Amino acid sequence: MGTDIGLLLSRREIELSSLSSRVVAVDAHNTLYQFLSIIRQRDGTPLMDSGGMVTSHLSGILYRFTNLIEEGIRPVFVFDGTPPDFKSKTLDKRRKVRETAHSRWDEAREKGLEKEAYKYAQASVKLDSYVIESSKTLLSIMGIPVVQAPCEGEAQAAHMVKSGDANYVASQDYDSLLFGAPFVIRNIAITGKRKLPGKDAYVDVKPEVIDLEHSLGQMGITHPQLVDIALCVGTDYNNGLENIGQKRALELVKKHGDIESVLRKLGKEIDDLESIRDFFLNPPVTDDYDIIWQKPDHDRLIDFLCNEHDFSRERVAKAWERIIAVSGSQQKTLDQF
DNA sequence: ACGTAATA
DNA sequence: TATTACGTG
């Protein structure tokens with residue numbers, strides 16, 4: 001998932017409190033995927049209501065964004081639209097991996113192999129229309145605005161920061177930087193600990209900002225050259241070159257200037273090179289959206305989470321108190337303008 | 001991932 | 001008060 005250019009970028013640790021009153025364009029796909037893969041029981045079974053509907057993503061949205069709202073952060077969720085044609089090979093491949101993982105999850109669970117089951121459960125996560133629609137419902141109940149991207153959500157989120165309608169993109173992936181996002185926040189979570197994949201070890205993770213211009217300056221390259229580096233290491237739309245990782249890709253692009261020269265030198269080719277590069281530099285986006293933080297709806301919150309999806313009334317009531325405590329004062333500051 | 005109770 | 005273990009839906 002995403003493009004592996006993290007080692008090349010400069011990051012700066014921040015406190016969540018420094019984001020107060022800032023508008024954060026949340027990469028919905030990335031965030032929901034994260035919730036669905038991590039909020040699980042030890043054998044990989046996700047949280048579910050009595051009707052068997054998955055609720056892990058709803059739990060993640062409720063608790064994380066209650067906290068962010070309490071910090072005074074103004075989140076906007078940006079959902080994916082229709083992917084470009086040249087992504088179809090990648091999407092087919094992901095679907096096959098997912099299906100294989102799903103059957104291996106079942107097998108491992110039958111044999112009582114918890115760790116293996118958990119691993120395959122994570123790999124079989126799919127964002128279906130139920131997950132998308134139920135997420136949008138909860139967000140609207142919480143008063144959090146939703147923007148529908150015409151194409152890739154990360155491109156739309158990047159556009160919103162460029163145009164000044166948002167201050168940051170929030171995503172664990174780096175792709176919004178390829179789409180030109182000036183500022184990207186990673187690790188915008190509450191608990192400062194993350195499990196290392198495959199290991200039983202945990203590391204402390206703090207929220208961090210990646211500044212695109214600053215990163216480009218440190219590397220001594222331009223934005224189009226960063227896109228060329230991404231094309232070398234592989235993106236959601238192409239496979240990348242053999243034995244070329246991010247460090248060597250940076251050296252090659254700096255030395256030869258652009259990817260065409262690099263490919264000539266190596267005697268290699270990348271399918272749809274022109275289209276993919278143009279897609280990163282000039283992606284389909286829209287200005288047809290409204291970012292308005294509505295008043296959260298208490299009755300609908302209780303009905304949706306407790307009656308429909310079996311959440312604890314006590315916990316939802318507690319979250320409600322925290323949401324409403326700041327949304328009241330925030331509403332005032334909005335009214336003043 | 002997050003909340004909460006238990007633990008030290 | 002800070003860290004860990006367990007439940008959440």
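Chain identifiers are assigned alphabetically (A, B, ...) following the order of the sequence lines, protein sequences preceding nucleic acid strands; residue numbering begins at 1 within each chain. Everything numeric here is computed off the predicted structure, so don't read it as measured data.
One finds a side-chain N or O of A:Arg64 lying less than 4.0 angstrom from the OP1 or OP2 phosphate oxygen of B:dC2. Regarding contacts with the backbone of B:dG3, a side-chain N or O of A:Asn67 is found under 4.0 angstrom from either OP1 or OP2. Phosphate proximity of B:dG3 to A:Arg322: present, with a side-chain N or O under 4.0 Å from OP1 or OP2.
The ring pair (Phe, Tyr, Trp, His ring centres under 6.0 Å) test applied to A:His298 returns A:Trp320, not counting sequence neighbours. Listed by chain and number, the residues in a ring pair (Phe, Tyr, Trp, His ring centres under 6.0 Å) with A:Phe304 are A:His309 (sequence neighbours excluded). Qualifying ring pair (Phe, Tyr, Trp, His ring centres under 6.0 Å) partners for A:His256, counting only residues two or more places apart in sequence or in other chains: none.
One can place CD1 of A:Ile39 at 7 Å from P of B:dC2, the figure rounded to the nearest angstrom. Look at OH on A:Tyr63: it is 11 Å from C1' on C:dG7, rounded to the nearest Å. The CG atom of A:Leu58 sits 14 Å away from the C1' atom of B:dC2 (whole-angstrom rounding). Distance OH (A:Tyr130) to C1' (C:dG9): 10 Å, rounded to an integer number of Å. Atom-to-atom, CD1 of A:Ile190 to C1' of B:dG3 comes out at 12 Å; the value is rounded to the nearest Å. Atom pair A:Leu16:CG and B:dC2:C1' shows a separation of 14 Å (rounding to whole Å applied). Separating the OH atom of A:Tyr33 from the C1' atom of B:dA1 is a distance of 16 Å, rounded to the nearest angstrom. Summarising the geometry, the separation between CG on A:Leu62 and P on C:dT8 is reported as 16 Å, rounded to the nearest angstrom.
Applying the salt bridge (charged side-chain N to carboxylate O under 4.0 Å, His left out) definition to pairs two or more places apart or across chains, those involving residues 147-159 of chain A are A:Lys87-A:Glu152. Sorted by first and then second residue, the side-chain hydrogen bond (donor to acceptor under 3.5 Å, both in side chains) pairs involving residues 121-134 of chain A (not counting sequence neighbours) are A:His57-A:Ser134.
In the region residues 299-316 of chain A, proximity to DNA chain C at under 4.0 angstrom, judged on heavy atoms, holds for A:His309, A:Asp310, A:Phe311, A:Ser312, A:Arg315.
In this structure, A:Phe179 has its ring center at least 6.0 angstrom away from the ring center of A:Tyr174.
Across B:dA1, C:dT8, C:dG7, the shortest atom-to-atom separation from the side chain of A:Leu47 is found for C:dT8.
Taking each heavy atom of A:Leu127 and A:Leu32 in turn, the nearest pair found is CD2-CB, 4.0 Å.
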